[in-house]
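Have a look at the structure below before the remarks.
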Amino acid sequence: MKKIMNRWKQYVIPYSKQHSIPKCVLLIGYLFNYVIYRCSIRDYFTLNFPYLGRRGKHTFITAIECSKYYRLNNDKEQIKILDDKEEMLKFFGPYIGRDWCGQKYNNTREEYETFLSKNPKFILKPLNGSGGHGIKLETCDSVPEGVYEYCKKHNACIEELIIQHDSLSRLFPYSVNTIRIFTYKSKVVGAVLRVGTGKSFLDNASSGGLFAPIDLSIGVVIDGAFTFEVTEKVITHPDTRIVFPGFVIPYWNECKKIVMEAAELVSGIPLVGWDVAVTNAGPVLIEANSEPEIPLLQIPAKTGIRNIIEL
């Protein structure tokens, strides 16, 4: 009930004000669409269902449909590789491009000390977190109880800090701005650039970041950036004022190559969302998502991807 009330405040109230539609009308409309199209509250408002006809709504894949699809199609053993951050780092080693220490691998005190001697500034990640929550930029001095002790106590890992490509740093310097690339049966079917705002260290849309669609053929941003809120797209970054449309993704062909190769290794998961960072030397794989956020593709396109994914 609390989650429903939070969604109500997040979506219904601002949408009502923005479009001058009574909240009771929106509520009735949502309940009807939930029954017919199995859409979530977020789907209903961010995909603009109140203004879509039956044909338009049918193009979208809703959150509830996604959950069912993942449950029926994802190989359970391969899910463990993608959903466990440490297993993912180990399994996709050739594509990771950075040092790290965990709990099952590279896990001795000596290995931690060697890592920290080379990386005085590093990324601290909870191994059971999601959506970027709990990820911190730390130094040895900022973890009073000691990094090794903290990681053992809190089931966390540490990773080498990625220095992103100069052009991505100019776009927004406070977060590592990543590319979310979607593969379906090992083929690239969609991609968005994810960018932080304010002085946030995270680029995740679920943590307040922006996302902008990419032309798959040439690796160029083709529209403004969006959020998961009920807001209009932004054409320029709110902090750096750099224009989104026309922004060129460096090493684009290389980005596509590494995710297609990685996807072949987990062919038991048809639809995967790969987070890729780009350095001045080329792309590196950040993580892989066995239940990727399809709205990242559908919100900017204003149409669904049902013609791409076989449900």
Side-chain angles (χ1 to χ4, degrees), residues 46-48 59-60 95 97 162-197 200 202-206 208-229 231-263 271-289 292-305 307-309:
T46 60
L47 300 178
N48 216 26
T59 67
F60 290 98
Y95 306 105
I162 293 172
I163 306 301
Q164 67 185 335
H165 193 279
D166 293 341
S167 64
L168 289 164
S169 184
R170 286 192 293 273
L171 178 59
F172 186 68
Y174 298 105
S175 68
V176 176
N177 306 305
T178 61
I179 320 300
R180 169 66 63 86
I181 304 178
F182 293 78
T183 58
Y184 177 63
K185 296 183 177 179
S186 302
K187 302 296 183 183
V188 174
V189 296
V192 295
L193 169 64
R194 305 192 309 170
V195 186
T197 60
S200 172
L202 300 173
D203 65 347
N204 298 67
S206 58
L210 300 167
F211 54 96
I214 296 170
D215 184 309
L216 298 183
S217 61
I218 57 176
V220 173
V221 174
I222 55 174
D223 202 348
F226 298 78
T227 72
F228 280 157
E229 303 299 318
T231 56
E232 296 295 327
K233 66 184 176 185
V234 295
I235 300 300
T236 61
H237 193 285
D239 300 295
T240 63
R241 311 312 301 172
I242 290 178
V243 176
F244 281 107
F247 183 87
V248 178
I249 306 300
Y251 292 105
W252 175 241
N253 288 331
E254 290 82 355
C255 290
K256 291 193 292 184
K257 183 175 183 290
I258 67 167
V259 300
M260 286 190 290
E261 289 179 358
L271 180 64
V272 183
W274 306 91
D275 293 339
V276 176
V278 185
T279 72
N280 286 332
V284 295
L285 185 61
I286 301 297
E287 65 180 30
N289 301 273
E293 286 273 17
I294 284 181
L296 291 172
L297 296 180
Q298 297 189 136
I299 290 173
K302 293 184 170 38
T303 188
I305 59 170
N307 62 321
I308 299 174
I309 309 300

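Shown here for F182 and P292, the closest heavy-atom pair between the two residues is CE2-CB, 3.5 Å. Counting all heavy atoms, side chain and backbone alike, V276 lies closest to C255 at CG1-SG, 4.1 Å. Between L297 and I305, the shortest heavy-atom distance links the atoms CD1-CD1, 4.2 Å. Annotation for V284 and G97: closest pair CG1-CA, 4.0 Å, computed over non-hydrogen atoms. The shortest heavy-atom contact between T59 and Q298 is O-OE1, 4.3 Å. When all heavy atoms of A263 and T183 are compared, the pair lying nearest together is CB-OG1, 3.7 Å.
The shortest side-chain heavy-atom distance between I235 and P245 falls under the 4.5 Å cut-off. Between R170 and I242 the shortest side-chain heavy-atom distance falls below 4.5 Å. D239 has its side chain within reach of F172: a pair of non-hydrogen atoms, C-beta onward, lies under 4.5 Å apart. Annotation: side chain of D275 is not in contact with side chain of L285 (no heavy-atom distance under 4.5 Å). Within the 4.5 Å cutoff, the side chain of L210 has heavy atoms near those of the V234 side chain. Using a 4.5 Å heavy-atom cutoff, the side chains of F228 and E293 are in contact. Put simply, the side chain of I218 does not reach to within 4.5 Å of the side chain of I249, judged on heavy atoms.
Proximity of a side-chain donor or acceptor of T240 to a complementary backbone N or O of L171 within less than 3.5 Å is detected. Side-chain N or O atoms of N177 include none that pairs as donor or acceptor with a backbone N or O of S169 at under 3.5 Å. Using a distance-only test at 3.5 Å, with no hydrogens or angles considered, a donor-acceptor pair links the side chain of Q164 to the main chain of S175. A distance-only check finds a donor-acceptor pair linking the side chain of N289 to the backbone of G273 [under 3.5 Å].
Between T178 atom OG1 and E287 atom CD the span is 8.5 Å, to the nearest 0.5 Å. The line from CD1 of I214 to CD1 of I181 is 7.0 Å long, rounded to the nearest 0.5 Å. Here the straight-line distance linking atom CH2 of W274 with atom CD1 of I286 works out to 13.0 Å at 0.5 Å rounding. Rounding to the nearest 0.5 Å places OH of Y95 at 8.5 Å from CD1 of I258. Between the CZ atom in R180 and the CG atom in L296 there is a gap of 6.0 Å [rounded to 0.5 Å]. Rounded to the nearest 0.5 Å, atoms CG (N280) and CG (L168) are 9.5 Å apart.
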Can you list, pair by pair, the side-chain donor-acceptor contacts under 3.5 Å of residues 184-191, counting residues two or more places apart and other chains?
unit_1: Y184; atom_1: OH; unit_2: E310; atom_2: N; d: 3.2
unit_1: K185; atom_1: NZ; unit_2: E310; atom_2: OE1; d: 3.3

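Ring geometry, F244 versus H237: the interplanar angle falls from 30° to 60°, so the pair is classed tilted.
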task: Tell me, with the steps shown, if Y251 and H165 meet side chain to side chain contact (heavy atoms under 4.5 Å, CB included).
output: CA-CA 10 Å; Y251 292 105; H165 193 279; 4.1 Å; yes
query: When you look at L193 and F247, which way does the side chain to side chain contact (heavy atoms under 4.5 Å, CB included) test go after all the steps?
result: CA-CA 10 Å; L193 169 64; F247 183 87; 4.0 Å; yes
